[in-house]
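This report concerns only the one structure given below.
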Amino acid sequence: MITKLLVANRGEIARRVFATCRALGVATVAVHSDADADAPFVADADQAVRLPGNTPAETYLRIDAILDAARRSGADAVHPGYGFLAENAEFAAAVTDAGLTWVGPSAKAIAAMGDKMAAKALLADAGVPMLPTWTDPAEVTAFPVLVKASAGGGGRGMRIVRDAAGLAEAVAGARREAAAAFGDGTVFIERYVERGRHVEVQIFGDTHGTVVALGVRDCSIQRRHQKIVEEAPGVLPDDVRAALHEAAVAAGRAVDYVGAGTVEFLLAPDGQVHFLEMNTRLQVEHPVTELTTGLDLVRLQLLVAEGEPLPVTTTPPADGHAIEVRLCAEDPAQGFRPATGTLHRFAIPGVAAEFGPARGLRLDSGVVDGSTVSVHYDSMLAKLVAWAPTRTEAARALAGALARAELHGVATNRDLLVRVLRSPEFAAVDVDTGFLDRHPEVFEPLLPAEQLPVAALAAALAGAAARRAAAPVLAGLPSGWRNVPSFPQVTRFTVGDGEEIEVRYRLDRTGGLAEWGRKLPVVELVTATPDRVVLDVDGVRRAFRVHRVGSSVFVDGPDGAASLTELPRLPLPTAELAAGSLLAPLPGAVTRVHVEVGQRVAAGDLLLTLEAMKLEHPVLAPADGVVTELPVPAGGQVETGAVLAVVDPEEDPQ
């Protein structure tokens, strides 16, 4: 019997496992890096052990340090979560050899499926259809292809290549990214299927020979080959669903599978099913299976690890529909560039449960108000899941909750997720792995650009109300009021990448909005407090929630959210950057420099590669010109805003 469980992971999956442990009466142990010392998952555990350092290689990827933490804390079992060492056969064997209970499949099964080429060969012999696959780039004869990491998953170490010219660089980049994420840079190449759907089967096995399929999930909507919207049950013909169940169970039985696993497939437009890989762990998207089957998959993991038989031996019927979105700290408009910083507010309305069964909204979150989003780890903040009797109801409820959420301090993909869920194509199940490439409209922010000035006006009025509330004298007098009308109040903000918005307004003696600096729309002030402003806009009353942190102002309204920075009335002089300066969008390390000072480049040329948040980010030339500065060498660490390169478009090439 497991009495104390150590989770060798972090963030929301650690919190998820701890939640089930609390319900079962199992004591818990967290391990954490220095960067995670104050993270919510550490506070959730009964005990915590520090792993000195910040990077995964220093902390969560160190088998010796994790086993030592188990020994010091008295843990008798280890759960690997997902990512990091979750699919590392050496880790599974080391845990077992240390006399601890391993909550997962055997090291042998992990090794068999972890070598994805060997896994393909094994399952091909069992009759499972496969895509053409190569290990040697020189042998590739048809394009497009997908370069994939042999170890791990989650989109790390994956590249689509459409012609032979880009293959070598894609392979090299995938190897570096896979090595950084999983400690193994082995990659292989697979035929890429255009407009394929990514579908997968949740399987579960026990030590008594049972392997059962728990339904099909559709995870087709992806960015950077990583899923961001997942649902269960996948909308499929009955014969395809049955074939997927059969193939997945066969895959599990081929390796005597024990515990939770996922067999992933690609469903081609012609209806053909192709095996992709088997993930020997609990998946990020497991909540949609839990909500439609009524099963706690973590509880089943613990029971199976203790040698108990599975309480379910046949595929349960799906109850209703569940859709999950991955809420990430990233900017979709900037190529999904990860964002770092402090999450000043994280509030989602209507959540019925956290980390557990819910008829309605479920939240599995790794963050709370005040959490720091670090450069060292994945950008996912939380998973929000909606269950409803029908798919349409689930999508509507999930989109509504996301749209009303208050997410302040870092850029997120919230608006994109809402637009995907509300799109007619998603409603019609017209989805595939290239969905985002074909629908640029989902990248538009929820708040239209023409409504930004009204949001800025709300921010300015809330600021004025805050100043009056704090005034030591004449606090009841409207801000900026004059007996004889003169100059209006002026507040300036920046939004996005520096666009400036100037708000001009004047209040009358009653505190009402006498005028503002734009003729349209017609706006009247109803009420204004430091955190809530109600405006009548063209005859429609709208309430805005306003949250100020220093000079940052976050405005949440009925049509979308705005993140503004209030500019000082008398700005201090600042150093001027050289024209053509390219700045680091977030902290990271320059892994490679592809050009030299004095080299002529064309717009879009690759100048250098920045690694941050476990991904590589290319830095491209913004225009034709000459490279005049490269202040950071390969291997150099940079902070946000550091100059990475200067391209002078005026330089004479002669």
Side-chain angles (χ1 to χ4, degrees), residues 12-13 16 82 153 197-204 212-222 226-249 252 260-267 273 276 278-279 281-301 312 314-327 352-353 355-364 382-399 401 417 420-421 426-433 435:
E12 56 84 26
I13 183 54
R16 164 69 191 91
Y82 41 67
R197 287 172 66 185
H198 187 125
V199 294
E200 61 188 33
V201 180
Q202 175 71 62
I203 66 168
F204 232 101
V212 61
L214 300 181
V216 179
R217 301 185 286 251
D218 191 322
C219 310
S220 297
I221 296 180
Q222 305 177 1
Q226 187 178 57
K227 310 157 191 174
I228 56 172
V229 181
E230 301 111 341
E231 59 180 302
V235 180
L236 299 166
D238 289 342
D239 59 335
V240 173
R241 187 185 314 279
L244 288 168
H245 285 175
E246 183 180 354
V249 170
T262 299
V263 188
E264 305 196 351
F265 298 89
L266 188 67
L267 179 61
V273 171
L276 289 176
M278 180 173 177
N279 291 311
R281 54 176 167 82
L282 197 65
Q283 292 278 91
V284 175
E285 56 272 23
H286 75 273
V288 295
T289 297
E290 293 187 321
L291 295 184
T292 53
T293 62
L295 299 170
D296 181 333
L297 298 190
V298 175
R299 172 179 173 268
L300 294 188
Q301 285 187 297
V312 56
T314 59
T315 303
D319 176 17
H321 204 95
I323 305 174
E324 171 184 294
V325 293
R326 303 189 190 190
L327 192 58
F355 307 106
R359 284 298 190 256
L361 286 175
R362 164 175 164 173
L363 177 65
D364 285 17
K383 303 176 309 196
L384 187 63
V385 198
W387 178 94
T390 68
R391 183 176 186 269
T392 298
E393 291 173 288
R396 181 171 58 200
L398 185 53
L417 295 172
V420 168
L421 293 169
F426 183 81
V429 202
D430 182 13
V431 298
D432 58 72
T433 57
F435 182 93

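Taking 4.5 Å as the limit, every side-chain heavy atom of Val420 sits out of range of all side-chain heavy atoms of Val325. Annotation: side chain of Leu236 is in contact with side chain of Leu244 (closest heavy-atom distance under 4.5 Å). Two residues are said to be in side-chain contact when any heavy atoms from C-beta on lie closer than 4.5 Å; Arg16 and Ile13 meet this criterion. In this structure the side chain of Gln283 never reaches within 4.5 angstrom of the side chain of Cys219, judged on heavy atoms. Val284 has its side chain out of reach of Lys227: every pair of non-hydrogen atoms, C-beta onward, lies at least 4.5 Å apart.
At most 12 heavy atoms of other shown residues, nucleotides or ligands fall within 6.0 angstrom of atom CG in Asp238.
A donor-acceptor contact shorter than 3.5 Å links the side chain of Trp387 to the backbone of Asp319. Proximity of a side-chain donor or acceptor of Glu231 to a complementary backbone N or O of His321 within less than 3.5 Å is not detected. Listed for the Asp296 side chain is a donor-acceptor partner under 3.5 Å among the backbone atoms of Val298. In this structure, the side chain of Thr315 engages the main chain of Ala213 through a donor-acceptor pair within 3.5 Å.
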Practice item. Please assess Phe426 against Ile221 for the test side chain to side chain contact (heavy atoms under 4.5 Å, CB included), listing each intermediate value before the final yes or no. Key: CA-CA 9 Å; Phe426 183 81; Ile221 296 180; 3.6 Å; yes

**Study point:** Asp364 and Val385: CA distance, side-chain angles, deciding distance, side chain to side chain contact (heavy atoms under 4.5 Å, CB included) verdict
**Key:** CA-CA 8 Å; Asp364 285 17; Val385 198; 5.7 Å; no

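Heavy-atom minimum distance, Ile323 versus Leu398: O-CD2, 3.4 Å. Smallest separation of non-hydrogen atoms from Gly356 and Ala353: O-CB, 4.1 Å. Residues Pro316 and Thr293 approach most closely at CG-CG2, 3.9 Å, considering heavy atoms. Minimum heavy-atom separation, Pro233 to Arg241: CB-NH1, 3.9 Å.
Between Glu324 and Arg362, no side-chain nitrogen of the basic residue sits less than 4.0 Å from a carboxylate oxygen of the acidic one, so the salt-bridge criterion is not met. Using a 4.0 Å cut-off between charged side-chain N and carboxylate O, Lys383 and Glu285 make no salt bridge.
The side-chain hydrogen bond (donor to acceptor under 3.5 Å, both in side chains) contacts involving residues 213-222 comprise Arg197-Asp218, His198-Gln222, Glu200-Arg217, Gln202-Arg217, Arg217-Thr262, Arg217-Thr289, Asp218-Ser220, where partners must be two or more places apart or lie in separate chains.
Donor-acceptor pairing under 3.5 Å is lacking for the side chains of Arg299 and Gln301.
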